[in-house]
A.B. asks: 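Okay, here's the structure, questions in a sec.
In each ligand, atom 1 is the first atom listed, and ligand 1 is the first ligand listed.
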Amino acid sequence: MIIRRETAPDRPEIFAVVEAAFPDSVEAQLLRELFAAREYLPQLSLVAEGAGGEILGHVITTRGWIGSTPSLGLGPIAVAPQRQRQGIGSALMRASIDAANAMGESTLVLLGSTDYYPRFGFVPADSMGITSPDPSWGSHFMALALDAHVPGVHGHFKYAEPFNAL
Ligand SMILES: CC(C)(COP(=O)(O)OP(=O)(O)OC[C@H]1O[C@@H](n2cnc3c(N)ncnc32)[C@H](O)[C@@H]1OP(=O)(O)O)[C@@H](O)C(=O)NCCC(=O)NCCS
């Protein structure tokens, strides 16, 4: 398996994986809108490709803001159901973090399981002074200080525009 940037021909397979991982959910439509959004960052839309060239998983990270400071929001992330719990999601997460560091970004935030994301270094965002778009998310709204993190940057997090329509 390799992790690489998505290319335009990957899109149908990416949507198939996302629809299978999130049946009857909004994620595929959200992803469609993120691909078209001005907050889309091509360096941070990554696929996991299997030995036969098939797409096994995808993760996207888009531009967001902490107050007026540019930041990053990760998600959705999806792995094909029959290939979950084999380390693919972890490989996509680590590649996203590495790519964000290489871009000189400072902070990565996400909404997700408190059992899963702390293993990559994520902590409750409010412990870093970053408040969530929805207070009901509680400790599920998490943040990771990247290599270029500037301590003291705090405030309300704003996701890429398509998230606001959810
Ligand atoms: C979440 C997801 C991306 C993780 O990818 P993966 O390839 O299955 O994960 P990995 O194999 O790297 O890691 C597996 C570990 O994560 C844990 N894990 C996976 N999904 C989890 C979840 N939703 N909640 C809690 N723990 C989870 C497993 O228990 C396992 O833990 P262990 O290593 O202690 O046994 C994948 O399971 C998936 O697509 N799920 C459906 C869509 C989803 O919920 N996406 C996340 C919200 S945006």
A.B. asks: Return yes or no for this condition: an N or O of Pro76 is under 3.5 Å from an N or O of ligand 1.
C.D. replies: no
A.B. asks: Provide, to 0.1 Å, the distance between atom 39 (O) of ligand 1 and the closest protein heavy atom, together with that atom's residue and name.
C.D. replies: Val79 N, 2.8 Å
A.B. asks: So, Ser132 and Asp134: side-chain donor and acceptor under 3.5 Å apart, yes or no?
C.D. replies: no
A.B. asks: Is it true that the side chains of Thr114 and His140 contain a donor and an acceptor less than 3.5 Å apart?
C.D. replies: no
A.B. asks: Nearest 0.5 angstrom please: Thr7 OG1 to Asp10 CG, how far?
C.D. replies: 3.5 Å
A.B. asks: So which of Arg63, Gln43, His149 actually passes side-chain hydrogen bond (donor to acceptor under 3.5 Å, both in side chains) with Glu105?
C.D. replies: Arg63
A.B. asks: If you have a sec, work out which protein heavy atom is nearest atom 23 (N) of ligand 1 and how many Å separate them, to one decimal?
C.D. replies: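 That would be Ser113 CB, 4.6 Å.
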A.B. asks: Counting only non-hydrogen atoms of the protein, does one fall under 4.0 Å from atom 42 (C) of ligand 1?
C.D. replies: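 Under the 4.0 Å cut-off, atom 42 (C) of ligand 1 does have protein heavy-atom neighbours.
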A.B. asks: May I ask you to identify the nearest protein heavy atom to atom 40 (N) of ligand 1, giving residue, atom name and distance to one decimal place in Å?
C.D. replies: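 Nearest neighbour among protein heavy atoms for atom 40 (N) of ligand 1, to 0.1 Å: Gln84 NE2, 3.4 Å.
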A.B. asks: How far is atom 5 (O) of ligand 1 from its nearest protein heavy atom, and which residue and atom is that?
C.D. replies: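 Here the nearest protein heavy atom works out to Gly89 CA, 3.4 Å.
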A.B. asks: Return the residue, atom name and 0.1 Å-rounded distance of the protein heavy atom closest to atom 12 (O) of ligand 1.
C.D. replies: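 Of every protein heavy atom, Ser90 OG, 2.5 Å lies nearest to atom 12 (O) of ligand 1.
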A.B. asks: Contact between Gly75 and ligand 1, counting heavy atoms under 4.0 Å?
C.D. replies: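 No, Gly75 has no heavy atoms under 4.0 Å from ligand 1.
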A.B. asks: Once you measure the plane-to-plane angle for Phe157 and Tyr159, does it fall in the parallel (<30°), tilted (30-60°) or perpendicular (>60°) bin?
C.D. replies: perpendicular
A.B. asks: Write out the residue and atom name of the closest protein heavy atom to atom 9 (O) of ligand 1, then the distance separating them to 0.1 Å.
C.D. replies: Tyr116 OH, 3.1 Å
A.B. asks: Donor-acceptor pairs under 3.5 Å, side chain of residues 91-101 to any protein atom, not counting sequence neighbours: which ones?
C.D. replies:
{"unit_1": "Ser96", "atom_1": "OG", "unit_2": "Leu92", "atom_2": "O", "d": "2.9"}
{"unit_1": "Asn101", "atom_1": "OD1", "unit_2": "Asp147", "atom_2": "N", "d": "2.7"}
{"unit_1": "Asn101", "atom_1": "ND2", "unit_2": "Ile97", "atom_2": "O", "d": "3.4"}

A.B. asks: Among all residues two or more places apart in sequence or in another chain, which pass the side chain to side chain contact (heavy atoms under 4.5 Å, CB included) test with Val26?
C.D. replies: Leu166
A.B. asks: So is Tyr117 close enough to ligand 1, meaning a heavy atom under 4.0 angstrom away?
C.D. replies: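 So Tyr117 counts as touching ligand 1.
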A.B. asks: Measuring from atom 18 (N) of ligand 1, which candidate in Arg85, His140, His58, Arg83 has the nearest non-hydrogen atom?
C.D. replies: Arg85
A.B. asks: If we set the cut-off at 4.0 Å for heavy atoms, which region of Met93 has an atom near ligand 1: side chain, backbone, both, or neither?
C.D. replies: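 Neither; nothing of Met93 gets under 4.0 Å from ligand 1.
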A.B. asks: Write out the residue and atom name of the closest protein heavy atom to atom 15 (C) of ligand 1, then the distance separating them to 0.1 Å.
C.D. replies: Arg119 NH1, 3.3 Å
A.B. asks: Just jot down the ligand 1 atoms closer than 4.0 angstrom to any heavy atom of Ala78, in number order.
C.D. replies: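 Those atoms are 39 (O).
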A.B. asks: Given the side-chain rings of Phe15 and Phe35, with only the six-membered ring counted for Trp, is the space between their centroids under 6.0 Å?
C.D. replies: yes
A.B. asks: Could you check whether any heavy atom of Gly112 sits closer than 4.0 Å to an atom of ligand 1, since that is the contact criterion I want to use?
C.D. replies: no
A.B. asks: Donor-acceptor pair, Ser71 side chain versus Thr107 backbone, under 3.5 Å?
C.D. replies: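 At least one qualifying donor-acceptor pair exists.
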A.B. asks: Using modelled atom types and a 3.5 Å cut-off, is there a donor and acceptor pairing between side-chain atoms of Glu13 and backbone atoms of Ile55?
C.D. replies: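 Present.
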A.B. asks: Could you find the nearest protein heavy atom to atom 44 (O) of ligand 1 and give me its residue, atom name and distance?
C.D. replies: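 Looking only at protein heavy atoms, the one closest to atom 44 (O) of ligand 1 is Phe22 CE2, 3.9 Å.
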